[in-house]
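Each ligand, and each atom within it, is numbered from 1 in the order the structure gives. No experiment lies behind these values; they were computed from the predicted model shown.
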Amino acid sequence: MNDVKGYRGQLLHFTGEPKPTDKRSPTNKKDGDDHYVYHEDGVLLVSGSGHVVAADSAEALAAEGLDLTRCEHFPGHLIMPGMVDTHIHYPQTGVIASYGEQLIDWLNQYTFPEEQRFADLEFAASQAEQFLNLLMDHGTTTAMVYTTVHPQSTEAFFSAAQQRGARMIAGKVMMDRNAPPAFLDTPKSSELDCRQLIERWHGTDRLHYALTPRFAPTSTAEQLAVAGTLLREYEGLYLQTHISENKAEMAWVAELFPDARDYLDVYDRYGLLNERSVLGHGIYLNDRERQRLAETGARVAFCPTSNLFLGSGLLDRRALADAGVDVCLATDVGGGTSFSMLRTLSEAYKVMQLQHQSLHPLEALYWVTLGNARSLGLDHRIGNFAKGKEADFIVLDLNADALQGYRQSRAVTLSEKLFALMTLGDRHNVVQTYLMGHRQAGYQTVKGDAR
Ligand SMILES: [Zn+2]
């Protein structure tokens with residue numbers, strides 16, 4: 001037990017999806033469910049191999065003989081599992097916050113020129129490193145990531161993630177039409193590139209491969225068929241793409257695939273839908289598509305900051321949930337405007353409010369940890385502090401600025417505190433991020449009286 005390390009602070013994690021009895025009132029002292037674990041003074045114990053040994057109250061662990069003075073102490077800070085982002089583009093970091101266009105123009109004007117720079121392995125490597133720093137800085141420890149059409153951009157990303165010991169899902173963009181010619185692959189070249197990348201990286205350390213046709217307009221039927229073949233051939237492969245984000249995009253898809261019943265059917269007919277498929281956006285899905293998503297188990301990634309920024313529309317989460325479709329949450333940087341899953345929750349809450357739907361803070365914090373881990377089929381490894389899980393965790397300062405400090409001082413219940421955190425919080429709340437028990441360098445040190 002000598003190599004076990006302890007981290008002491010307010011401890012929060014989830015064992016299942018919270019179903020708060022009174023969703024309208026985070027001030028209600030009885031949250032009415034047993035799917036979360038919270039210790040005002042708790043300790044997370046992590047083994048030398050980076051796995052959770054225990055997560056309990058300091059009192060209980062001290063009674064079992066734990067020397068609390070040997071724990072790293074974060075008084076007034078919240079320790080929780082690292083957050084999970086289910087849809088993000090690492091090569092778009094440099095074009096985040098680019099002015100004024102909707103989806104198709106935005107792609108042509110900003111994204112495609114930027115992504116072409118990733119043909120250069122050295123540039124890609126530096127960007128991958130910066131991207132991972134930013135994820136850690138914002139408290140995100142696992143992400144499902146788009147690279148570019150160049151295999152070297154994927155290579156650079158996986159190498160950087162491996163070096164850091166991060167659990168990441170990523171894949172080379174497949175794109176063989178409707179983009180600048182220098183920037184296109186072919187069905188054959190994309191198949192060869194994907195095979196090489198899958199064999200090298202899928203299942204290596206903590207890494208997973210995702211087939212990544214960008215979206216229906218930039219892949220021919222032949223290329224989508226290649227993706228379907230590979231998805232069937234390799235066990236445990238993921239698939240990520242976009243769907244029904246924007247009305248002009250949808251009209252374009254209908255033109256390009258006149259035989260398809262609807263947008264989802266384009267992917268369905270090439271065998272791209274299963275429970276490891278994550279489709280970004282899905283704002284304008286019809287009833288049939290929702291039903292088919294539920295049948296296949298494919299997920300929808302809700303990207304509120306992106307949907308608002310690009311003027312795409314409001315996702316109807318309730319309609320998807322009522323149809324039995326799993327909805328995960330994501331930033332979609334660079335269409336999205338923040339790496340922060342806290343900011344993303346805040347915008348998700350507003351998008352849902354506009355549709356008279358609500359998002360209770362306990363559900364919200366579950367969503368960005370265990371919930372998203374479940375959507376990615378990774379909840380047996382990450383997402384909470386169950387014994388044996390990989391110890392990816394973060395330390396949050398609930399009082400990161402004067403306003404938050406004041407608001408927190410007025411909060412009575414846990415839910416109220418968490419709601420203030422998700423509404424006002426961002427990367428400034430994240431003081432430390434750990435991967436498998438290893439502290440990630442380069443972040444602000446713990447402030448105030450915490451050591
Ligand atoms: Zn996207």
Does a side-chain N-to-carboxylate-O contact under 4.0 Å join [X] and [Y]?
X    : Y    : value
E235 : R276 : no
E155 : K172 : no
E222 : R177 : no

Original post:
Relative to each other, are the rings of F14 and Y36 parallel, tilted or perpendicular (30° and 60° limits)?
Top reply: tilted
**OP:** Name the orientation class of the two ring planes belonging to F183 and F112 (parallel below 30°, tilted from 30 to 60°, perpendicular beyond 60°).
**Re:** perpendicular
Subject >> Near the Zn ion (ligand 1) (under 2.8 Å) - protein N, O or S atoms >> reply: H87 NE2, H89 NE2, H242 NE2, D332 OD1
Subject >> Under 3.5 Å donor-acceptor, R299 side chain and D326 backbone >> reply: no
